[in-house]
Amino acid sequence: DLPRLGGPDVLRGYARDRFRDRIVTLATAEYAWDLGNYFGGYTFIDVGRPYHELGDIDLEALRVGFGAGIEMRTYRSFLFRGQLAASKEGDVFLELALSPAFGRRERAGRF
């Protein structure tokens with residue numbers, strides 16, 4: 001199993017497991033805000049790329065994915081999230097998830 005990038009959680013904006021090699025770099029920045037009692041919004045940008053060896057790392061050739069989404073939840077449970085993600089190459093993905101993007105403890109501080 002080689003490390004992979006692409007999909008709804010890592011390097012959003014690219015197809016799931018599109019990039020795979022021995023070494024991967026990934027950075028994600030996400031800003032989230034409250035849209036009321038049951039909704040929250042977020043926007044994000046992901047950058048990363050796979051490499052075969054450490055000497056191949058070149059930060060100028062990074063892949064970039066970006067987008068935004070909404071989440072619906074109650075005070076005790078997660079209901080769904082929907083996001084629209086795109087890449088600088090022109091790929092676009094719309095996704096609806098019925099499971100949380102983060103574990104309950106990690107979500108406790110959000111929104």
Side-chain angles (χ1 to χ4, degrees):
D1 275 340
L2 295 172
R4 303 169 220 180
L5 292 175
D9 301 315
V10 290
L11 202 55
R12 296 169 279 193
Y14 292 93
R16 183 183 305 270
D17 303 334
R18 177 173 173 189
F19 304 108
R20 172 185 303 208
D21 214 332
R22 295 178 60 204
I23 300 167
V24 296
T25 59
L26 176 67
T28 297
E30 185 170 311
Y31 179 75
W33 63 93
D34 193 14
L35 295 173
N37 290 336
Y38 300 104
F39 289 94
Y42 61 94
T43 185
F44 61 87
I45 185 166
D46 299 338
V47 295
R49 180 165 178 206
Y51 300 96
H52 189 67
E53 297 177 355
L54 284 175
D56 295 341
I57 293 178
D58 177 15
L59 299 180
E60 292 185 24
L62 291 174
R63 307 290 183 168
V64 178
F66 52 90
I70 60 167
E71 291 184 343
M72 183 176 183
R73 69 226 175 263
T74 67
Y75 289 106
R76 294 180 187 232
S77 65
F78 174 89
L79 298 175
F80 73 86
R81 73 180 169 104
Q83 74 180 14
L84 180 65
S87 71
K88 68 178 186 176
E89 283 85 8
D91 299 323
V92 177
F93 295 91
L94 178 62
E95 181 179 44
L96 176 65
L98 300 176
S99 63
F102 304 101
R104 284 191 174 149
R105 288 184 188 168
E106 294 165 328
R107 271 193 4 255
R110 294 181 68 189
F111 306 128

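Computation of the quantities below employed the complete heavy-atom set of this structure, encompassing side-chain atoms and omitting hydrogens, waters and symmetry-equivalent molecules.
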Measure from the side-chain N and O atoms of [X] to the backbone N and O of [Y], and report whether any donor-acceptor pair falls under 3.5 Å.
X: T28; Y: I45; result: no
X: D46; Y: R12; result: yes
X: T25; Y: R49; result: yes
X: Y75; Y: N37; result: no
X: Q83; Y: G67; result: no

To the closest 0.5 Å, what do you measure between [atom1] ([X]) and [atom2] ([Y])?
X: L96; Y: R81; atom1: CG; atom2: CZ; result: 9.5 Å
X: W33; Y: Y42; atom1: CH2; atom2: OH; result: 10.0 Å
X: R4; Y: R20; atom1: CZ; atom2: CZ; result: 4.5 Å

Q. With side chains defined as the heavy atoms from C-beta onward, is the minimum distance between R18 and L11 less than 4.5 Å?
A.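 Sidechains of L11 and R18: no contact.
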
Q) Tell me, do T74 and L79 make a side-chain contact under 4.5 Å, heavy atoms counted? A) yes

Any link between [X] and [Y] through a network of hydrophobic side chains (Ile, Leu, Val, Met, Phe, Trp, Tyr) touching at under 4.5 Å?
X: L94; Y: V92; answer: yes
X: L62; Y: I23; answer: yes
X: V24; Y: V10; answer: yes
X: L98; Y: M72; answer: yes
X: L54; Y: L2; answer: no

(Q) Atom CZ of residue position R16 - does it have more than 12 heavy atoms of other residues, nucleotides or ligands inside 6.0 Å? (A) no

Q) Got a sec: does the CZ of F80 have more than 12 other heavy atoms crowding it under 6.0 Å? A)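 It does: F80 CZ has more than 12 such atoms within range.
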
Q.
Between R73 and D34, is the salt bridge (Lys or Arg N to Asp or Glu O under 4.0 Å) condition met? List the steps.
A. CA-CA 11 Å; R73 69 226 175 263; D34 193 14; 3.6 Å; yes

Q: Under the side-chain contact (heavy atoms from CB on, under 4.5 Å) rule, collect the residues that match up with I70, sequence neighbours excluded.
A: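 Once residues adjacent in sequence are excluded, the partners of I70 under the side-chain contact (heavy atoms from CB on, under 4.5 Å) criterion are L35.
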
**Q.** G13 versus A85, closest heavy-atom pair with distance
**A.** N-CB, 3.5 Å

Q.
Show every ring pair (Phe, Tyr, Trp, His ring centres under 6.0 Å) that has at least one partner inside residues 10-29, sequence neighbours left out.
A.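 Residue pairs passing ring pair (Phe, Tyr, Trp, His ring centres under 6.0 Å), neighbours aside: Y14-F19.
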
